[in-house]
**Q** 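Structure provided below as structure tokens; questions to follow.
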Amino acid sequence: MADTSPTEEKKSLWAVYKPIIRRYFRPHRGILIWAVLAGVVAGLTGGFGLPVILQRVVPIVFGTQPAPDFLTHLLDSCPVLCNMDRAVLLMWLAALFMPLLMLVRGMATYVNTYLLTVAGTRVLSDMRLHLFERLQWLSFSFLDKRSRGDTMTTTIQYTQMLQGGMVMVMNNLVVQPLTLLSAVGFLAYNAIVNEASAIMLGNLIISALAIPLVRWVGRRMVKQMQSMLTGLNKITETVEETLSAQREVRAFNLQPFLRKRLVNYIRSFNGLMIRMGAWSSGISPAIEVVSALALAFALYQGCSRGMTLEDFTALATACYLCYDPIKNLSATFNQIQLMAPVIGSLDEVLYAKDETPEPAEPLTLPQPTPGVVDFEQVSFSYEPGKPVLHDVNVHVPAGQVVGLVGPSGSGKTTFINLICRFYEVDTGCVRIDGVDVRRLRREDRTRAIGLVSQFAALFRGTIADNISAGRPGAARAEIMAAGDAARVSEFALQDPAGYDRMLEEGGIGLSGGQRQRVSIARAFLKNAPVLILDEATSALDMKSEALIQGELEKLAHGHTTFIIAHRFSTLRMADRLLVFEKGHIIADGTHDELYEQCPLYRTLYDEQVSEAQQNRQDAC
């Protein structure tokens, strides 16, 4: 999680929550309205109903007060009840008020909690889906600034934390204030009709002494929460890094080192949680002590003023029903504050500036799309003041195969990324068939570009599913034809399930060459006019590369193709070679031309040939 900026710290709580409420809670306002109505019933029956029963109904049960006239007339008018013992009947009717009230309150509380849980779950689903969609389209420059562990924590754990907090907050913000207002209303009514009861209403002021304490503790807890989120990110990042590099971890015996790092992060996180729990747990006892002092004072004052036991019991219950909501609302206020840093982390993704936005007035590519690519005075930098490409001008005719050559870090991959518009150029423009890629919709741009990268990205699913990712909705025959063209059938049909063989994450169970063939089949199926081969064979041995090379040549035929490869054997099918050095294209031509005219190209080529000859001699 990024550090909270001073501007964010000064935001009011409403400014933090307002976008979330409008965007995610408004679509579920129907459920929320019913939940609020149920909360109103629960609050009124608790805050007003219980004190009324204790003050008006319980004395009737014990016979210390007569029944109300309306109830007596009602019983007299009912023939069935006329012959029954009036005292016993009144006792039963009065006694039934308590379970009836609790039944109504319990049902209302259940409906309120259930509907809020439903709404919270749906909000969580909407938010997670929106986060996932945002991450799919935000520019690579945004993703480069965040670790995968941080992003996963934000998408999964932060949203879960927010859901639990939101349900608790929404429930308390409906039921507790209404319970408090109902109880205060009961006290106010009694203060009006009975001067001796006014002291009970005044005692609520004593409870306000706890408010500064609650605010102070809340500020301390927010700081602890921010540190906890950072600690949680570190734990997730460590686990993710360890699992994604198991070969290296085991080869270099890094388990003790990584375990020690994780233990330190966990201990730090646990310490923060304990301190958070200590601060949180201290609020409730503090409010209860203050409430007990207020009630003791009320007891003394009530007895001094001649208050009856029934009145005092009812008023004391109403006071308790005021203190309990005050305590819960204090916890709710702190929970609202604690969720603010979580929402801030979510906002970093949800409202991050899209550096490769969709065009306001998009253009379309000509159909059919020839695949002409132009770089016009393009410069680009990942960090301000550190350019990676300098004033690049290149014209690539349709159907030409272009190889990109140069030492590591010279700008080859960046050149390719700008064709795909993974990043936004600083100056100049990149065009496909005369259309600036910034004026193309993402869907149109991605449809025009096919990619076979160094590490074949296979997903959990069948072989056919992975091939069809190149063109969703393709017919089975088209998928099989693409598989045949990439020689996938040679190994797929050896399994009884054939193309329906299930693959695990990353294509586990297939060799490197087989995974690459599935990736090539995907590109065959897509049949995009512009094709990018980014180190497509660098992860393979020489024998596997020779087998794959034929499929790549077939794939490149008739397409505008860009090839990045460190092995010159992979570049032999290129019609043209571009030599990169420190972000500049220093040479452009065929192999023979460049070997004769470009010292850097000649050096790179001779070094590789010499290395290959040395390897053959060593093998002999």
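These values consider heavy atoms only, across backbone and side chains, with no hydrogens, waters or symmetry-generated copies. Just so it is clear, the model here is predicted, and its values are computed rather than measured.
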**Q** May I ask you to check whether Asn233 and Tyr158 show a side-chain donor-acceptor distance below 3.5 Å?
**A** yes
**Q** Holding to salt bridge (charged side-chain N to carboxylate O under 4.0 Å, His left out), I want the full list of residues that pass it with Asp374, two or more places apart in sequence or in another chain.
**A** none
**Q** Who are the salt bridge (charged side-chain N to carboxylate O under 4.0 Å, His left out) partners of Arg128, not counting sequence neighbours?
**A** none
**Q** Kindly give the heavy-atom pair with the smallest separation between Ala42 and Ala108, and that separation in Å.
**A** N-CB, 3.7 Å
**Q** Please determine if Glu241 and Arg261 form a salt bridge, counting it only when a charged side-chain N lies under 4.0 Å from a carboxylate O.
**A**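 Yes.
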**Q** Among all residues two or more places apart in sequence or in another chain, which pass the ring pair (Phe, Tyr, Trp, His ring centres under 6.0 Å) test with Phe257?
**A**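 By the ring pair (Phe, Tyr, Trp, His ring centres under 6.0 Å) rule, Phe257 matches no residue at all.
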**Q** Please enumerate all residues that pass side-chain hydrogen bond (donor to acceptor under 3.5 Å, both in side chains) together with Glu358, with sequence neighbours excluded.
**A** none
**Q** For Asn527, check side-chain hydrogen bond (donor to acceptor under 3.5 Å, both in side chains) against everything at least two apart and list the hits.
**A** His559
**Q** Under 3.5 Å, which donor-acceptor pairs do the side chains of residues 110-119 form with other protein atoms, sequence neighbours left out?
**A**
residue : atom : partner : partner atom : Å
Asn112  : ND2  : Ala35   : O            : 2.7
Thr113  : OG1  : Thr109  : O            : 2.9
Thr117  : OG1  : Thr113  : O            : 2.8

**Q** Can you list the residues that meet the side chain to side chain contact (heavy atoms under 4.5 Å, CB included) rule with Gln377, with sequence neighbours excluded?
**A** Asp391, Asn393
**Q** Distance alone, cut at 3.5 Å: any donor-acceptor contact between the side chains of Ser453 and Asp534?
**A** no
**Q** Apply side chain to side chain contact (heavy atoms under 4.5 Å, CB included) to Glu133 and list each qualifying residue two or more places apart in sequence or on a separate chain.
**A**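 Per chain and number, Glu133 pairs via side chain to side chain contact (heavy atoms under 4.5 Å, CB included) with Leu129, His130.
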**Q** State whether Asp354 and Arg442 are salt-bridged, where the test is any N-O pair (Lys NZ or Arg NE/NH1/NH2 against Asp/Glu carboxylate O) under 4.0 Å.
**A** yes
**Q** So that I can tick it off, tell me whether Asp444 and Arg447 are bridged by a salt bridge, with the cut-off set at under 4.0 angstrom between side-chain N and carboxylate O.
**A** yes
**Q** For Glu361, which residues count as a salt bridge (charged side-chain N to carboxylate O under 4.0 Å, His left out) partner, sequence neighbours excluded?
**A**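 Scan of Glu361 (salt bridge (charged side-chain N to carboxylate O under 4.0 Å, His left out), adjacent residues dropped) gives none.
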**Q** Can you name the side-chain hydrogen bond (donor to acceptor under 3.5 Å, both in side chains) partners of Arg445, sequence neighbours left out?
**A**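 Arg445 satisfies side-chain hydrogen bond (donor to acceptor under 3.5 Å, both in side chains) with no other residue.
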**Q** Can you name the salt bridge (charged side-chain N to carboxylate O under 4.0 Å, His left out) partners of Arg421, sequence neighbours left out?
**A** Glu424
**Q** Would you please name every residue forming a side-chain hydrogen bond (donor to acceptor under 3.5 Å, both in side chains) with Asp465, sequence neighbours left out?
**A** Thr462
**Q** Where does the angle between the aromatic ring planes of Phe580 and Phe415 fall among parallel (under 30°), tilted (30 to 60°) and perpendicular (over 60°)?
**A** perpendicular
**Q** Taking 4.0 angstrom as the limit, do Lys386 and Glu383 come out as a salt bridge?
**A**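 Salt bridge: yes.
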**Q** Which value, rounded to the nearest 0.5 Å, describes the distance between Leu365 atom CG and Arg441 atom CZ?
**A**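 Rounded to the nearest 0.5 Å, the CG-CZ separation comes out at 10.5 Å.
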